Every structure is written in C-alpha cells, then in structure tokens.
*Asks:* 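Can you read through this structure? Questions will come right after.
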Amino acid sequence: EAQVTQNPRYLITVTGKKLTVTCSQNMNHEYMSWYRQDPGLGLRQIYYSMNVEVTDKGDVPEGYKVSRKEKRNFPLILESPSPNQTSLYFCASSPSRTPYNSPLHFGNGTRLTVT
Amino acid sequence: GENVEQHPSTLSVQEGDSAVIKCTYSDSASNYFPWYKQELGKRPQLIIDIRSNVGEKKDQRIAVTLNKTAKHFSLHITETQPEDSAVYFCAASIPYSGNTPLVFGKGTRLSVIA
C-alpha cells in the first residue's frame, strides 16, 4: 500500500532531550516536507526537500533539523526541544520535485508534547 | 513570499444547505490551488485542486472556482452532509519560486448540523 509512515504517533518528552521523528514513503516521491499544525495557525512548513541531499527551510525552521540521505526517508530532528515546539507534526510527500502541480500525501501525524 | 488568507475560520450549516469557503492569495505567479480536508484526528487529504488555466472545476458535490484577476478562489460544497464536517485548508503554489513552494491558509472548521 502506498503510504507515508511517521513514527511515533505520540511522544511526550522533556525540555532539552534530543528527539527524532521518522518519516518514510514507499512511493518513490521526489519531494518531502515537514509541517506543524497549531490551533488557529493552520499548517506551517518547517523544512522541505526536493531531492536526496537537498533540503531547504520553510516558514518556521528554527529549532529543527532534517536530513535526506535516502529518497524514502526524511527524519525531523529536535536537538533541544522546548515547550513551544509542542504541536502536531505532519510529514508529506509529492511525486514532483515541487508540489506545484501534484497533491501532497500526508502521514498520520505525530503529536509531540514537550514539558 | 506568498500569503494566503482563508475565510471564514468557522462555518456552521444545516444539512442539505450549501457551504462556501473563500481564499485570497497575494502572488500573481501562483498557479496551483489545492484544497485539503482534515477530519477530526486524521491527516489532511486532497479533495480537489485547480490550475490557473481553468476557471472552475467540479467533482460531484464539490466545486472550486478561481478568479485570477481578483486573486481569489473558493470551495463550494452543495447538499452538505454530516460527513462533510471537517477542517478545510486551501493552499497556493508558485512553481520554481525558490521559497516555500506551497502555502496554506489557516483553515475553516465546517460543522454540518443534522
């Protein structure tokens, strides 16, 4: 089944403890992206990648890192999480190099709580 | 960069009535406008999209219209049903912009009252 898989679905951590949220897609998609969703703010892009080893900042990249060593994987890394990073995170992928004419396929989301 | 405004933020309609959600965008170079539906606790999923060379597109009870001159586009849902209750996001995309390639509106929470 074609899908975008995120893990974990739920994560509770403490301030400063490094964490990684994994994202993997099995559709051979070029484009991958991370979004955070907060009430009243919609979906805001954190980072995106148009190809292996190519990553770019989105609108809210501060406090996050990503890597794209393989086409299928795009992990999101929080080196030193803070409470303002408590949010619902979505990974997404698209078959074209930019999502300007192709739909995004979203993962099921990761709800992160930082205390 | 691109900016997308979405209105209203919440919308309640009676079952069977129509619902309209409007979005405006700032960059005239935007040429792809998708709409996503997010049911409670679920991921966003594409329901319809339109490209700038088309003025209107329909898919059963859902339609999207685009006015390039005014830089706004709208989602129309007719004969609403309880299962249409969800948050709807519009988005606008600029090809090869070098910036954030897809910008979302803040969402509209639609409630269909049976």
Side-chain angles (χ1 to χ4, degrees), chain A residues 1-7 9-10 23 25 27 29-51 54-61 64 66 87-111, chain B residues 1-10 21 23-27 29-54 57 59 64 66 86-109:
Chain A
E1 180 189 352
Q3 60 186 357
V4 178
T5 303
Q6 287 178 237
N7 280 297
R9 290 293 308 277
Y10 302 92
C23 175
Q25 50 91 7
M27 297 169 280
H29 284 176
E30 303 274 358
Y31 179 91
M32 296 186 75
S33 180
W34 277 101
Y35 294 87
R36 62 177 288 174
Q37 184 176 15
D38 301 289
L41 297 178
L43 291 159
R44 294 182 293 168
Q45 191 169 46
I46 303 170
Y47 269 95
Y48 62 96
S49 170
M50 295 187 185
N51 209 340
V54 178
T55 62
D56 285 291
K57 295 178 180 179
D59 294 322
V60 288
Y64 304 95
V66 293
S87 186
L88 177 60
Y89 292 85
F90 285 100
C91 180
S93 71
S94 175
S96 72
R97 292 229 168 145
T98 66
Y100 76 93
N101 66 352
S102 299
L104 286 175
H105 299 257
F106 285 87
N108 284 325
T110 295
R111 186 167 293 281
Chain B
E2 175 65 280
N3 183 50
V4 176
E5 300 280 343
Q6 183 171 348
H7 298 280
S9 57
T10 59
I21 303 170
C23 289
T24 60
Y25 59 99
S26 60
D27 196 321
S30 292
N31 68 352
Y32 175 61
F33 308 92
W35 286 88
Y36 289 82
K37 175 184 180 182
Q38 185 181 27
E39 297 176 1
L40 189 63
K42 301 283 185 66
R43 59 188 165 184
Q45 292 192 287
L46 181 80
I47 54 171
I48 195 166
D49 57 12
I50 192 168
R51 290 167 176 74
S52 59
N53 59 345
V54 175
K57 184 177 179 180
D59 183 2
V64 57
L66 171 65
V87 177
Y88 292 81
F89 293 98
C90 64
S93 180
I94 308 172
Y96 310 116
S97 69
N99 296 315
T100 301
L102 186 69
V103 177
F104 284 88
K106 289 185 168 58
T108 296
R109 183 174 299 280

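All values derive from a computational prediction rather than experimental measurement. Letters go in sequence order (proteins before strands), and every chain restarts at 1.
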*Asks:* Do the non-hydrogen side-chain atoms of B/Y36 and A/L43 ever get within less than 4.5 Å of each other?
*Replies:* no

*Asks:* For each of A/H105, A/Q37, A/R44, A/R111, tally heavy-atom pairs with chain B at distances under 4.5 Å, and name the one with the top tally.
*Replies:* A/Q37

*Asks:* Counting only non-hydrogen atoms closer than 4.5 Å, does B/Q6 touch chain A with its backbone (N, CA, C, O), its side chain (CB onward), both, or neither?
*Replies:* neither

*Asks:* Please give me the minimum heavy-atom distance between B/R51 and A/S102, naming the atom from each residue.
*Replies:* NH2-N, 4.4 Å

*Asks:* Where does A/F90 contact chain B at under 4.5 Å (heavy atoms): side chain, backbone, both or neither?
*Replies:* side chain

*Asks:* Counting heavy-atom pairs under 4.5 Å to chain A, which of B/G107, B/A91, B/P44 comes out on top?
*Replies:* B/P44

*Asks:* Looking at A/R36 and A/D38, is there a salt bridge between them, counting it only when a charged N and a carboxylate O are closer than 4.0 Å?
*Replies:* yes

*Asks:* Taking the side chain as every heavy atom from C-beta outward, state whether B/W35 and B/C23 have any pair of such atoms under 4.5 Å apart.
*Replies:* yes

